[in-house]
2 protein chains.
Amino acid sequence: MPVPDEPTPPGGTPRAGSRAAARERTHAGLLDAAAAVFAEKGYGAASVGEIARTAGVSVGSIYAHFAGKQDLFLALMDRRRVAEMDDARRHLADGLPSALHDLDHRVTATADDGRAALLAAEAWLYAMRDPDFGADLAAHQDRLRADLLPLIRAERARRGAAWSLTDEEVATVALGLFSGLVQHRRLARDSVPADLYGRALLALLDGLATRD
Amino acid sequence: MPVPDEPTPPGGTPRAGSRAAARERTHAGLLDAAAAVFAEKGYGAASVGEIARTAGVSVGSIYAHFAGKQDLFLALMDRRRVAEMDDARRHLADGLPSALHDLDHRVTATADDGRAALLAAEAWLYAMRDPDFGADLAAHQDRLRADLLPLIRAERARRGAAWSLTDEEVATVALGLFSGLVQHRRLARDSVPADLYGRALLALLDGLATRD
DNA sequence: GTCTATATATTGATAGAC
DNA sequence: GTCTATCAATATATAGAC
């Protein structure tokens with residue numbers, strides 16, 4: 001999702017102008033630069049040197065903030081996760097009908113955003129090679145799924161019929177279709193119209209009622 | 001998809017034992033090694049040295065077969081593409097009902113296969129950074145979609161009702177859900193049961209009939 | 001066509017001045 | 001905390017013997 005990638009001041013925002021605030025600024029600037037470089041080059045090909053240059057600091061300064069390239073990447077992913085959760089909770093709060101229209105916009109925004117889809121793919125690949133990070137990412141997906149569940153439950157109650165998928169499975173399909181359509185749209189924009197996600201989800205919901 | 005990654009003898013298979021056959025063997029062996037190393041390390045972190053060592057040849061020998069790391073990667077992706085097309089056409093030939101059950105198996109096989117999903121993600125990321133390769137990959141997806149279309153058309157005719165999605169959109173959703181579920185299953189196997197793809201597609205088809 | 005040896009550049013990370 | 005300078009390791013790619 002097109003996450004604004006906002007900084008996360010740990011334990012309260014330090015007063016502007018203070019030494020702690022300056023440190024926070026470089027810290028956040030490094031994460032911004034990391035997002036740009038990791039997205040452009042990929043994790044493997046990205047170099048800490050270029051990240052430092054992009055952030056406008058020296059190589060050595062990076063190691064005063066992070067243990068190394070890996071730690072920097074993990075910190076970046078952490079920041080994106082909390083931003084994505086905030087974003088999701090804000091947009092899902094109003095119930096499913098309003099959310100459906102919103103989700104369409106999130107598909108296109110995520111696909112058309114320069115870095116979001118790229119970094120998500122980098123994160124998934126990193127997770128495939130680092131079991132610990134994989135567990136973190138899976139837990140994050142679980143939380144997203146959990147946030148989706150109340151809306152699905154309410155919709156099922158509203159329609160008052162038995163479904164051929166469990167609520168959790170519906171949430172999984174919704175999440176899977178989301179990332180799948182984002183990647184397809186990114187590859188060939190014309191093949192994924194802006195409202196396809198919403199229409200597909202509606203058809204799915206209509207078809208879930210078991211037929212006898 | 002769990003593509004066997006078979007060699008592609010250009011212009012007919014050379015006689016076994018001939019010099020051309022020996023060349024073909026190393027060529028194919030290099031592609032096999034490339035598949036293993038690119039999947040394990042990722043494109044950026046993979047080194048031609050390790051690929052050579054895995055294939056049991058020297059670094060210099062790689063450059064007698066390929067122009068470099070990039071060319072090797074592209075050749076590998078090319079081989080996987082023709083194998084995937086063969087595979088898809090073979091399994092889709094019998095019509096949709098038989099294909100549906102088969103598709104379920106393809107989701108689990110692709111997700112559980114060691115390299116297929118990894119290399120697919122690497123290919124997508126590479127495509128995001130190389131427009132030419134991106135066009136190739138998009139064209140490949142288009143061919144897959146085209147192969148899916150007859151089955152969808154037949155199913156719509158069988159059900160004899162208007163649909164809220166075009167046939168092409170249904171194909172896109174089917175492809176998108178496929179890759180999305182594969183990635184989710186790879187991350188958290190329990191969240192994606194083996195038959196979820198088929199059940200979701202069935203529900204989608206049931207719900208496509210417009211309601212008035 | 002395959003090998004060994006090597007040229008050249010870049011990498012992640014560290015040391016020490018300020 | 002940020003800098004400059006530098007380390008050792010590794011990268012891609014090439015040259016030349018066989």
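Not measured: the values here are computed from a predicted model. Computation of the quantities below employed the complete heavy-atom set of this structure, encompassing side-chain atoms and omitting hydrogens, waters and symmetry-equivalent molecules. All chains are named by letter (A, B, ...) in the order of the sequence lines, taking the proteins before the strands, and each is independently numbered beginning at 1.
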*Asks:* If you measure from the Lys or Arg side-chain nitrogens to the Asp or Glu carboxylate oxygens, is any gap between B:E122 and A:R129 under 4.0 Å?
*Replies:*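 Salt bridge: yes.
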*Asks:* Does a salt bridge link B:D32 with B:R79, judged by any charged N lying under 4.0 Å from a carboxylate O?
*Replies:*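 The answer is yes: the pair qualifies as a salt bridge.
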*Asks:* Roughly how many Å is it from CG in B:D71 to C1' in D:dT14, rounded to a whole number?
*Replies:*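 Computing the B:D71:CG to D:dT14:C1' distance gives 16 Å.
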*Asks:* Decide whether a cation-pi geometry holds between A:K69 and A:Y43; the criteria are a distance under 6.0 Å from NZ or CZ to the six-membered ring centre and an angle within 45° of the ring axis.
*Replies:*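 Ring-cation test returns yes.
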*Asks:* Nearest whole angstrom, please: distance from the P of D:dT12 to the NZ of B:K69.
*Replies:*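 Whole-Å distance recorded here is 5 Å.
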*Asks:* Would you say B:W163's side chain and B:R156's backbone share a donor-acceptor pair under 3.5 angstrom?
*Replies:*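 Looks like no, no N/O pair under 3.5 Å.
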*Asks:* Once Watson-Crick and G-U wobble pairs under 3.5 Å are found, how is DNA chain D written in dot-bracket notation, 5' to 3', with | for any base paired to another strand?
*Replies:* ||||||||||.|||||||
*Asks:* Supply the atom-to-atom distance B:D71 CG to B:I62 CD1, rounded to the nearest 0.5 angstrom.
*Replies:*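 Here the interatomic distance stands at 11.0 Å.
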*Asks:* Inspect the contact between B:R185 and B:D112 and indicate whether a charged nitrogen and a carboxylate oxygen are less than 4.0 angstrom apart.
*Replies:*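 Salt bridge: yes.
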*Asks:* Using a 4.5 Å cut-off on heavy atoms from C-beta on, say whether the side chain of B:I152 contacts that of B:E168.
*Replies:*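 Counting from C-beta outward, B:E168 and B:I152 never come under 4.5 Å.
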*Asks:* Among A:V57, A:V48, A:L76, find the residue that satisfies the side chain to side chain contact (heavy atoms under 4.5 Å, CB included) test when tested with A:L30.
*Replies:*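 So the option named by the test is A:V57.
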*Asks:* Below 4.0 angstrom from OP1 or OP2 of D:dT14, is there any side-chain N or O of B:Y63?
*Replies:*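 No, outside the criterion.
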*Asks:* CD1 of B:I51 versus C1' of D:dT12: gap in Å, rounded?
*Replies:*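 Spelled out: CD1 on B:I51 to C1' on D:dT12 is 12 Å.
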*Asks:* Looking at NE2 of B:H91 and NE2 of B:H101, how far apart are the two atoms once the value is rounded to the nearest 0.5 Å?
*Replies:*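 These two atoms lie 11.5 Å from each other.
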*Asks:* Tell me if a side-chain donor or acceptor on A:R115 pairs with a main-chain N or O of A:V37 at a distance below 3.5 Å.
*Replies:*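 Here the side-chain-to-backbone pair does not exist.
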*Asks:* Please list, by residue number, the residues of residues 37-48 of chain A whose heavy atoms come closer than 4.0 Å to an atom of DNA chain D; answer none if no residue qualifies.
*Replies:*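 None, since no heavy atom is under 4.0 Å.
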*Asks:* Verify, without hydrogens or angle tests, whether A:E169 (side chain) and A:T166 (backbone) share a donor-acceptor contact under 3.5 angstrom.
*Replies:*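 Indeed, once roles are kept as given, a pair shorter than 3.5 Å links the two residues.
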*Asks:* If you walk 5' to 3' along DNA chain C, what is the first nucleotide with an atom under 4.0 Å of a heavy atom in chain A, and what is the last?
*Replies:*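 The contact span of chain A on DNA chain C goes from C:dT11 to C:dT14.
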*Asks:* Take atom CD1 of B:I62 and atom P of D:dA11, then tell me their distance rounded to the nearest Å.
*Replies:*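 These atoms are roughly 12 Å apart.
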